[in-house]
Amino acid sequence: MNKYRSHNCNALRKKDVGNDVLLSGWINKKRDHGNLLFIDIRDNYGITQCIIDKKNPQFNDLEKIQLETVIKINGNVIDRSSETINKEIDTGEIEVSIKSYEILGKCKELPLPVFSEQEYAEEIRLKYRFLDLRRKKIHENILLRSNVISFIRNEMNKMGFLEFQTPILTSSSPEGARDFLVPSRLNPGKFYALPQAPQQFKQLIMVSGFDKYFQIAPCFRDEDARADRSPGEFYQLDLEMSFVEQQDVFKVVEKLLFNTFKKFSNKKIIKDKFPKISYSEALLKYGSDKPDLRNPLIINDITEIFIRDDVSFDLFKKLVKSGSKVRCIITHNTKNKPRSFFDSIDKWAKEQGASGLAYFTFEEGVSAKGPIGKFFSKEALEEIMKKTKAKIGDSIFLACEKKTEVEKITSLARNKLAEDLKLIDKNTFAFCWIVDYPMFEKDEASNKIKFSHNPFSMPQGDLNQINFEKPLDILAYQYDIVCNGIELSSGAIRNHIPELMYKLFSIAGYNREQVNEKFSGMINALSYGAPPHGGIAPGIDRIVMLLANEKNIREVTMFPMNQNAQDLMMNAPSNVSDNQLNELNLSLKLKK
RNA sequence: GGGGGUGUAGCUCAGUUGGUUAGAGCGAUCGCCUGUCACGCGAUAGGUCGAGGGUUCGAGUCCCUUCACUCCCGCCA
């Protein structure tokens with residue numbers, strides 16, 4: 001028998017009554033009655049109540065032991081009388097009568113309580129992460145993460161995907177996020193970069209003929225943090241397939257995500273086949289390329305209403321003449337909402353940096369009630385109702401701004417209105433695909449054409465007919481998957497034709513030599529017989545966040561860094577010795 | 001880089017229009033308690049009110065500067 005335990009702390013049941021057992025674990029909680037002491041002992045699996053009284057010679061010592069000390073208990077399983085059964089824990093029908101105990105790991109006074117549901121400042125949680133991780137909620141989140149990852153791995157294997165590792169020390173890429181750089185000792189003055197994603201490697205795996213690849217891959221990007229974005233590193237389920245079209249990738253991902261979410265959550269998944277929405281339609285109807293489809297509100301464009309002569313709302317009419325768009329959101333049956341409801345939305349919109357949100361309500365006989373209602377003729381109102389499918393009793397909120405701004409504010413307003421009106425069913429997952437991304441976009445600052453997403457994506461349509469004179473019209477086989485307004489993943493069918501790649505890069509301002517230099521591995525490989533291929537890379541952290549119902553990525557990450565990309569527990573990043581710097585041919589030149 | 005929030009005991013927080021010795025719960029220490037499961041009761045210790053400067057007879061409280069943490073914008077193909 002193992003010297004530490006015969007059972008874990010969640011194993012003992014009524015059938016074990018009468019047996020001698022060994023339990024080891026942390027002291028979760030003590031309840032000291034003076035002559036009788038209850039000790040809850042905890043391990044990864046659960047909690048068992050142990051009991052000792054003053055007749056035991058070790059009673060006085062045990063009474064004084066700190067919480068979170070690791071002890072081994074030698075005891076006898078006894079039945080609990082019916083009124084003392086604890087239904088909250090799995091072992092609640094029994095308890096262990098302590099014969100003797102032994103301290104395995106002492107514990108100093110705790111900087112934060114482990115047995116508490118209270119919330120604590122992140123600083124102290126991260127510094128003492130090993131204590132924080134003992135706490136119930138986050139401990140369960142990390143277990144969930146582990147289970148999700150092994151489930152996904154298993155599903156991928158079942159679908160015939162092969163798992164490969166790709167290098168962590170690789171080369172810096174010109175596009176995308178800031179790289180983490182690693183100096184090379186053997187190549188003075190040169191640097192490796194940590195991969196932002198194994199993008200080029202997974203394509204090379206396809207060129208190497210492995211057909212289907214996946215990896216739970218660490219990705220490194222030196223960008224600022226957000227609640228749902230770790231600084232530094234995160235994990236993707238990276239996958240790539242040969243001889244596929246977009247729909248083949250969709251099929252795999254839909255099956256995988258549907259099975260995963262079904263297994264690990266009780267929430268309802270709205271559709272097992274996820275709706276596909278084009279990028280342009282998403283921006284029009286939802287103001288965003290990551291719409292929350294749990295939200296039933298839809299944005300409509302009614303710019304042309306403000307060209308009519310029977311609409312006299314001059315403020316908007318003038319803006320429309322100078323190129324602004326009018327977009328609106330209809331809320332159903334809100335005519336009896338108090339004035340304060342509407343005004344608070346308008347005030348909120350101004351706080352978001354918009355010029356505000358105009359509004360009115362459709363009344364019987366087709367009239368408009370509200371501050372700007374008088375500017376619309378009956379016919380104009382009927383036209384709006386037709387266009388927006390609004391009914392009498394509904395209200396309309398209107399924003400008039402330039403395209404990008406109007407999309408931004410209507411997207412925010414869509415969320416705000418749905419929250420205020422409680423239209424979002426929090427107990428569902430609503431997935432969708434966003435498809436037909438444009439290949440290029442215009443950089444607003446420099447006015448130059450740049451890749452809007454992934455430069456390796458395949459343009460849509462007949463490759464001989466693409467009009468490179470109008471690059472902004474070229475769509476790509478580029479797609480995102482979104483769940484409840486959270487972008488889980490981007491993917492694409494890749495461009496495996498070198499000549500086409502050179503052409504597209506030239507539009508974005510890279511000449512042949514630059515492409516050869518920056519993507520030598522890729523472009524060279526594609527010249528030696530590359531299969532058509534494509535893939536995607538769902539974010540593991542965000543999937544687990546959704547399943548664990550957490551808003552912060554650090555709640556599903558074992559050892560996260562803080563917002564300044566510091567690990568408070570390990571003291572990273574840290575200074576290095578002059579010797580180390582010398583070996584790397586580096587010297588520091590710190591800004592004051 | 002910019003904007004918001006927070007910072008008071010080991011932990012979570014309260015602290016009035018500026019006014020005597022800065023409080024509570026948990027935790028710690030000591031004492032009492034044989035059926036609790038957030039056990040109960042009593043006592044004790046524990047504070048540079050993030051730091052620095054200013055206004056004032058007097059600052060946890062008002063003003064300025066600064067630091068830390070956090071949320072957001074920028075950024076994240």
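This structure is a prediction, so every number in the text was calculated from the model and none was measured. Proteins come first, then strands; the chains are lettered A, B, ... in the order of their sequence lines, and each starts at number 1.
- For B:G58, there is no paired base (Watson-Crick or G-U wobble, both distances below 3.5 Å).
- Between A:Lys54 and A:Arg178, the one whose closest nucleotide on RNA chain B sits nearer the 5' end is A:Lys54.
- A:Glu123 comes within contact range of the sugar-phosphate backbone alone, with a heavy-atom separation under 4.0 Å but no base atom that close.
- Residue A:Phe451 is classed as a sugar-phosphate contact, given heavy-atom separations below 4.0 Å to backbone atoms only.
- Side-chain proximity of A:Arg554 to B:U70, B:G74, B:A38: nearest is B:U70.
- The side-chain ring of A:His33 is not stacked on the base of B:C33, judged by centre separation under 5.5 angstrom and plane angle under 30 degrees.
- When the C1' atom is used for both B:U8 and B:G23, the distance is 10 Å, rounded to whole Å.
- In this structure, A:Glu95 places its CD atom 11 Å from P of B:U36, rounding to the nearest Å.
- Comparing B:G47 with B:G10, their C1' atoms are spaced 12 Å from each other, to the whole Å.
- Between A:Arg31 and B:C39 there is a side-chain N or O to OP1 or OP2 distance below 4.0 Å.
- Looking only at side-chain heavy atoms (C-beta outward), A:Asn415 and A:Asn295 come within less than 4.5 Å of each other.
- For the pair A:Asp179 CG and B:C75 C1', the interatomic distance rounds to 14 Å; values are reported in whole Å.
- Both tests pass for A:Lys503 against the ring of A:Phe468: distance under 6.0 Å to the centre and angle within 45° of the axis.
- The gap from the P atom of B:G54 to that of B:G42 amounts to 46 Å, rounded to the nearest Å.
- Residue A:Lys55 is classed as a base contact, given a heavy-atom separation below 4.0 Å to a base.
- Out of B:C39, B:C11, B:G74, the shortest distance to the side chain of A:Lys29 is found at B:C39.
- Between the CD1 atom of A:Ile94 and the P atom of B:C37 there is a distance of 18 Å, given to the nearest Å.
- Rounding to whole angstrom units, CD1 of residue A:Ile553 and C1' of B:C76 are separated by 12 Å.
- The nucleotide B:C41 finds its pairing partner in B:G31, both defining distances of the Watson-Crick or G-U wobble pair being shorter than 3.5 Å.
- To the nearest whole angstrom, the two P atoms, one in B:G25 and one in B:C41, are 10 Å apart.
- Side-chain proximity of A:Ala121 to B:A28, B:U12, B:C75: nearest is B:U12.
- When Watson-Crick and G-U wobble pairs are counted only if both distances are under 3.5 Å, B:G7 pairs with B:C67.
- Rounded to whole Å, the P atom of B:C32 lies 43 Å from the corresponding atom of B:G19.
- Residue A:Asp132 contributes atom CG, which lies 19 Å from atom P of B:G10 at whole-angstrom precision.
- Side-chain proximity of A:Pro111 to B:C69, B:G10, B:C76: nearest is B:G10.
- Within the structure, every side-chain polar atom (N or O) of A:Asn86 is placed at least 4.0 Å from both OP1 and OP2 of B:U36.
- Taking 4.0 angstrom as the limit, A:Asn552 places none of its side-chain polar atoms (N or O) nearer than this to OP1 or OP2 of B:U70.
- When distances are taken from the side chain of A:Gln563 to each of B:U70, B:U12, B:C72, the shortest belongs to B:U70.
- Along RNA chain B, the nucleotide nearest A:Phe115 and the nucleotide nearest A:Glu441 are compared for position; the residue whose nucleotide lies closer to the 5' end is A:Phe115.
- Taking every side-chain heavy atom of A:Arg221 into account, B:C76 is the closest of B:C76, B:C71, B:C37.
- B:C71 atom P lies 12 Å from atom CG of A:Asp224, rounded to whole Å.
- Listed nucleotides: B:U70, B:C75, B:C76. Nearest to the side chain of A:Asn562: B:U70.
- Between B:G4 and B:G15, the distance separating the two P atoms is 23 Å to the nearest Å.
- Distance from the side chain of A:Arg80 is smallest to B:U36 among B:G74, B:U36, B:U12.
- To the nearest whole angstrom, the two C1' atoms, one in B:A43 and one in B:G60, are 28 Å apart.
- Side chain A:Arg229 to base B:C75: a donor-acceptor pair is found below 3.5 Å.
- Rounded to whole angstrom, the span from the CD atom of A:Gln566 across to the P atom of B:C67 amounts to 14 Å.
- If you check every strand for non-hydrogen atoms under 4.0 Å, A:Gln199 touches a base.
- Across all strands shown, nothing is found opposite B:U20 as a Watson-Crick or G-U wobble partner with both distances under 3.5 Å.
- Proximity note for A:Ile124 (side chain, C-beta onward) versus B:U36, B:C71, B:C11: the nearest is B:C11.
- Looking at every heavy atom in both residues, A:Ser411 comes nearest to A:Gly287 through CB-O, 3.5 Å.
- B:U29 and B:A14: their P atoms are spaced 28 Å apart (whole Å).
- Relative ring orientation between A:Trp433 and A:Tyr479 is described as perpendicular, the plane-to-plane angle rising above 60° on a 0-90° scale split at 30° and 60°.
- Taking atom CD on A:Glu122 and atom P on B:G5, their separation rounds to 19 Å, with Å as the unit.
- For A:Asp224, there are no salt bridge (Lys or Arg N to Asp or Glu O under 4.0 Å) partners at least two apart in sequence or on another chain.
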- Query: Are A:Arg178 and A:Glu223 close enough, and set up right, to give a side chain to side chain contact (heavy atoms under 4.5 Å, CB included), and what steps lead you there?
  - Reply: CA-CA 6 Å; A:Arg178 239 176 253 115; A:Glu223 297 294 352; 3.1 Å; yes
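- Partner assigned to B:G1 is B:C73, using Watson-Crick or G-U wobble distances below 3.5 angstrom.
- To the nearest 0.5 Å, the span separating CZ on A:Phe130 from CG on A:Asp132 amounts to 10.0 Å.
- The side chain of A:Arg226 contributes an N or O atom lying less than 4.0 Å from OP1 or OP2 of B:C73.
- Both the sub-6.0 Å distance and the 45° axial angle are satisfied by A:Arg512 relative to the ring of A:Tyr502.
- Residues A:Phe234 and A:Arg229 are not in side-chain contact: their nearest non-hydrogen atoms beyond the backbone lie 4.5 Å or more apart.
- Counting any heavy atom pair closer than 4.0 Å across all strands shown, A:Leu110 reaches sugar-phosphate atoms only and no base atom.
- At the heavy-atom level, A:Ser452 lies under 4.0 Å from the strands shown only through sugar-phosphate atoms.
- Side chain of A:Pro113, nearest nucleotide from B:C76, B:C37, B:C11: B:C11.
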